[in-house]
Every structure is written in structure tokens, then in C-alpha cells.
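Note that the structure is predicted; figures quoted are calculated from it, not measured. Order of the sequence lines fixes the chain letters, A, B, ..., with proteins taken first and strands second; residue numbering starts at 1 for each chain.
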2 protein chains.
Amino acid sequence: MGAKGLTKEIIVAEAVAYIESTGQPVVSLHELARRLGIKPPSLYNHIQNTKELQYEIFQYAMDTFVANQKAATENKRKDEAVKAFAEAYHSFATEHKGLYRLIMSIPSEEDDRAKELAIPLLDTVVEILSDYGLTEETIAHWQRVFRAILHGFISEEDLGYFYYYKSIDLKKSRDIAVQCFLDGLHAEIGAAVR
Amino acid sequence: MGAKGLTKEIIVAEAVAYIESTGQPVVSLHELARRLGIKPPSLYNHIQNTKELQYEIFQYAMDTFVANQKAATENKRKDEAVKAFAEAYHSFATEHKGLYRLIMSIPSEEDDRAKELAIPLLDTVVEILSDYGLTEETIAHWQRVFRAILHGFISEEDLGYFYYYKSIDLKKSRDIAVQCFLDGLHAEIGAAVR
DNA sequence: CTCTCAAAACTAACAGCATTAGTTATTATG
DNA sequence: CATAATAACTAATGCTGTTAGTTTTGAGAG
């Protein structure tokens with residue numbers, strides 16, 4: 001065969017390592033090749049193009065993200081699970097900034113492949129909300145609300161748009177948001193009973 | 001002076017027009033020069049670099065965004081103002097996708113200039129929440145919650161992460177989110193009274 | 001142990017990007 | 001009308017991704 005024992009897996013691992021270290025969701029093929037000790041065109045023996053590499057990294061990021069959430073909510077139900085999920089979500093996003101940004105930068109409109117890869121992320125949330133005994137439609141709505149809050153918070157924080165009133169505790173704001181969601185959910189359950 | 005009547009304002013206007021038409025938050029100087037009928041380096045007679053141009057467009061986008069919100073909430077108070085704001089926010093983000101993406105893609109961490117430009121955006125929200133008679137700290141928290149919900153919703157929608165349960169009305173989900181926020185806010189007011 | 005052949009590296013090249021240096025053309029003003 | 005400043009230009013550099021064509025390498029067959 002060829003020269004070194006280079007595989008797609010090694011390339012993806014190196015790309016992930018780079019992304020983790022920079023916090024940016026992108027790697028140039030030149031930078032990647034440099035780190036692997038080869039010339040940029042040689043990468044094309046293992047990958048098709050940048051897009052495919054992105055998908056591979058995206059998949060890795062999504063898998064890690066979901067596994068992290070499942071672990072955090074494993075033996076928990078209802079409010080406890082919701083809170084643990086929110087905490088795990090935020091931790092992952094801040095500790096793996098590059099990976100989270102990647103997950104949230106692939107425009108999956110008109111991109112069915114990325115959409116499929118994102119399904120497990122939704123499933124985890126839906127699973128938690130299923131314990132509340134709501135209709136499927138209600139779950140669909142509140143799952144959206146929950147994820148909007150979680151991502152919105154990370155995103156604004158990341159952009160620096162929560163910079164103002166800097167002295168005011170961010171964690172408390174986040175707890176208020178999650179509690180606000182839970183209260184709304186509880187009210188929904190109450191309404192459904194009647 | 002030089003040759004044509006080209007100014008920074010014209011360049012920015014052309015860049016904005018391009019961004020509005022593509023929905024992407026970026027323009028290459030080559031594309032911009034092509035549209036203006038000049039060669040790329042000539043742009044440097046009017047702007048310093050890509051970054052400065054980005055700031056100019058950012059400022060325009062922010063001004064338009066804020067003006068739009070002020071107009072939408074002008075004669076409204078409390079819940080009515082909150083709802084109108086949410087609606088205006090969403091409309092702007094979907095109708096001016098490129099501008100909104102730009103606003104939400106400039107990393108203003110360690111970027112004081114962009115931070116300053118974003119202040120009016122926060123002020124509008126704070127102003128609305130001020131009518132509820134809450135403490136400054138409470139307003140700071142709930143203003144974060146509100147903006148997180150608004151941006152989170154747009155962002156997830158834009159990314160296609162609300163694609164699933166496609167048949168289930170997005171607008172209704174959004175209304176639920178806003179109402180959830182309002183209920184939480186009302187509860188906070190009730191708690192403050194005691 | 002050598003020959004072969006395919007896999008995987010390489011070099012050379014192109015196109016598109018931002019940007020700089022140095023040059024020419026234009027135009028308002030003295 | 002001449003001058004000086006302004007703003008266009010060309011040429012070039014160094015990034016980026018990518019393709020074509022060539023050489024190297026190493027595993028298996030004879």
C-alpha cells in the first residue's frame with residue numbers, strides 16, 4: 001500500500017483536536033496537513049472534500065454531545081431530568097466551544113444529511129418530556145421552547161450580548177430561564193387535566 | 001479628486017444590498033468590486049479592510065433592527081409591548097436573514113467596538129421591561145431570558161432544527177414560548193409584591 | 001527474494017480570496 | 001492652465017481549496 005498508516009479516522013481525530021484547542025468550528029486543510037506531516041493534496045486520498053470532512057466532525061460532535069446528555073440524565077425523571085439536561089447542555093457548549101459552534105453552524109436547511117444526524121439530539125429532549133404524560137403535539141411545542149432557551153442562552157452569552165449588567169450572575173439568569181420553562185410546562189399539565 | 005463618485009456609504013449600501021439578496025452575512029471584496037465596477041484594491045481607498053467594512057454593515061444592520069423594534073412597540077406597554085417586540089424581532093430576522101445573521105455572527109467577546117454598537121438593542125428590551133416596576137437586577141435577568149428565547153427560536157428554526165414535527169405549527173410554538181416568558185414574569189411580579 | 005500493482009504519498013498548477021506596493025489617471029483648486 | 005491630492009489602476013504575495021499527473025511505497029504472488 002501507500003506510505004504511512006493514515007486513515008480517515010486519524011484525520012477526523014486530528015481535526016477534532018484542533019477544533020477543541022482553538023474553539024473555532026473550522027480547520028483548513030493546510031493546517032490539518034501540516035499537523036499530520038503531509039502535504040494538503042494527500043488528504044484527498046482519504047476524504048472527498050472539505051464538506052465531507054465537516055460531516056465527519058459534525059457526526060463526532062453530535063455523538064459526543066448526545067452521549068454526554070444521556071449520561072447526565074440517565075436515572076432522572078421530569079424536573080430533575082430537565083434541570084440536569086440544561087446543565088449538561090451548557091457545560092458541553094462552554095467546554096467544547098468549537099464542537100458546539102460546529103453543531104450550530106451547519107445550515108441544515110436543504111441539507112438532509114445533517115438533519116438526520118441531528119435527530120438523536122431531539123430524541124433525548126422528547127424522551128425526557130414524555131414522562132410528563134402530554135400529547136405528542138404539546139411535547140413538540142415545549143421541546144422547541146426548551147431547546148430555544150438553551151441554545152439562545154449559550155449563543156447570546158458566547159456572542160458577548162450578556163456582557164452588560166456584567167456583575168449580575170449569569171448562572172442565576174440561566175436558572176430563572178429553566179425554572180420559567182418548568183413553570184410553563186407545569187401549567188400546561190394543569191390545563192390538560194381540566 | 002479621484003475618478004467616480006464612490007464613497008464609503010455607497011460601498012456599504014451595495015454590500016447591504018448583496019447581503020439582503022443572498023441571505024448570507026458575508027460579501028467578498030471581489031464580489032463587491034465587481035458589482036461596483038471597480039477592481040478590488042480600489043476599495044482600499046475608502047475602507048481600511050474587511051473588518052472595518054463588517055463594522056459598517058453591522059452598524060447599519062443594528063440601526064435598522066432597533067428602529068424596526070422601536071416602531072413596533074412605540075405606543076405599547078407591558079405584555080402588549082413584549083408581544084409586539086417578539087413579533088417584530090422574528091419578522092426582521094426572517095425578512096432580513098443576512099443582516100440578522102451578521103448581527104449574530106460577530107463575536108463581540110474581546111471586541112469592545114461591536115459591544116458598544118449592540119447597546120441600543122438591549123436598551124429597547126430593558127425599556128419595555130421597566131414598565132413592570134421591577135428592580136434593576138430582576139430586569140437584567142429577565143431581559144436575558146427574553147432575548148435568549150427570541151434568538152434561540154430564530155436560530156434553531158434557521159438551522160432546520162425545528163424541522164421535525166414539521167406539521168406542527170411553528171407560530172404556535174413561538175406564542176407558547178412568549179406566553180411562557182410572560183407568565184414567568186408575572187409570577188416574579190407577584191413574588192415581589194409579597 | 002524479487003516482481004508487480006495498487007494505494008497513498010508527492011509536485012505543479014489553477015482559481016478565488018484579502019491585502020500591499022507602486023503607478024497612472026482624474027479632477028478640483030490655486 | 002498647472003499642481004497636488006484623490007482615487008483609480010496593475011502587479012505581486014500569501015493564504016485558501018482543489019485537480020491532474022507523477023513518483024514512491026509496501027504487501028502479496030510467483
A.B. asks: In this structure, how many angstroms lie between the C1' atom of D/dA8 and the CG atom of B/Leu32, rounded?
C.D. replies: 16 Å

A.B. asks: Looking only at side-chain N and O atoms, does A/Gln59 offer a donor or acceptor that is under 3.5 Å from a partner on A/Asp63?
C.D. replies: no

A.B. asks: Would you kindly give the CD1-to-P distance between B/Ile47 and D/dA7, to the nearest whole Å?
C.D. replies: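 Taking atom P of D/dA7 as the reference, CD1 of B/Ile47 is at 13 Å.
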
A.B. asks: Separation of A/Leu53 atom CG from D/dT18 atom C1', in whole Å?
C.D. replies: 14 Å

A.B. asks: Between B/Ile11 and B/Leu6, is there a side-chain heavy-atom distance shorter than 4.5 Å?
C.D. replies: yes

A.B. asks: Mark yes or no for whether A/Thr7, through its side chain, and A/Ile10, through its backbone, hold a donor-acceptor pair below 3.5 Å.
C.D. replies: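 Confirmed, A/Thr7 side chain pairs with A/Ile10 backbone.
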
A.B. asks: Mark yes or no for a side-chain to base donor-acceptor pair under 3.5 Å between A/Asn45 and C/dA7, with no hydrogen or angle criteria applied.
C.D. replies: no

A.B. asks: With a 4.0 Å heavy-atom cut-off, tell me which residues in residues 8-16 of chain A come close to DNA chain C, sorted by residue number.
C.D. replies: none

A.B. asks: When the distance from CD1 of A/Ile38 to C1' of C/dA7 is rounded to whole Å, what number comes out?
C.D. replies: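 Distance check: A/Ile38 CD1 to C/dA7 C1' gives 14 Å.
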
A.B. asks: Using a 4.0 Å heavy-atom cut-off, write out nucleotides 11-23 of chain C from 5' to 3' as B (base contacted by protein), S (sugar-phosphate only) or - (no contact).
C.D. replies: BB----SBBB---

A.B. asks: For the side chain of B/His186 and the backbone of B/Leu182, is there at least one donor-acceptor N/O pair under 3.5 Å apart?
C.D. replies: yes

A.B. asks: Indicate the ring-plane relationship of A/Tyr100 and A/Phe65, choosing parallel, tilted or perpendicular according to the 30° and 60° boundaries.
C.D. replies: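 Perpendicular.
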
A.B. asks: Indicate yes or no: does A/Glu157 engage B/Arg144 in a salt bridge with an N to O separation below 4.0 Å.
C.D. replies: no

A.B. asks: What are the two closest non-hydrogen atoms of A/Val26 and A/Tyr18, and how far apart are they?
C.D. replies: O-CE2, 3.7 Å

A.B. asks: Can you find a heavy atom in the side chain of B/Val125 that is under 4.5 Å from one in the side chain of B/Arg147?
C.D. replies: yes

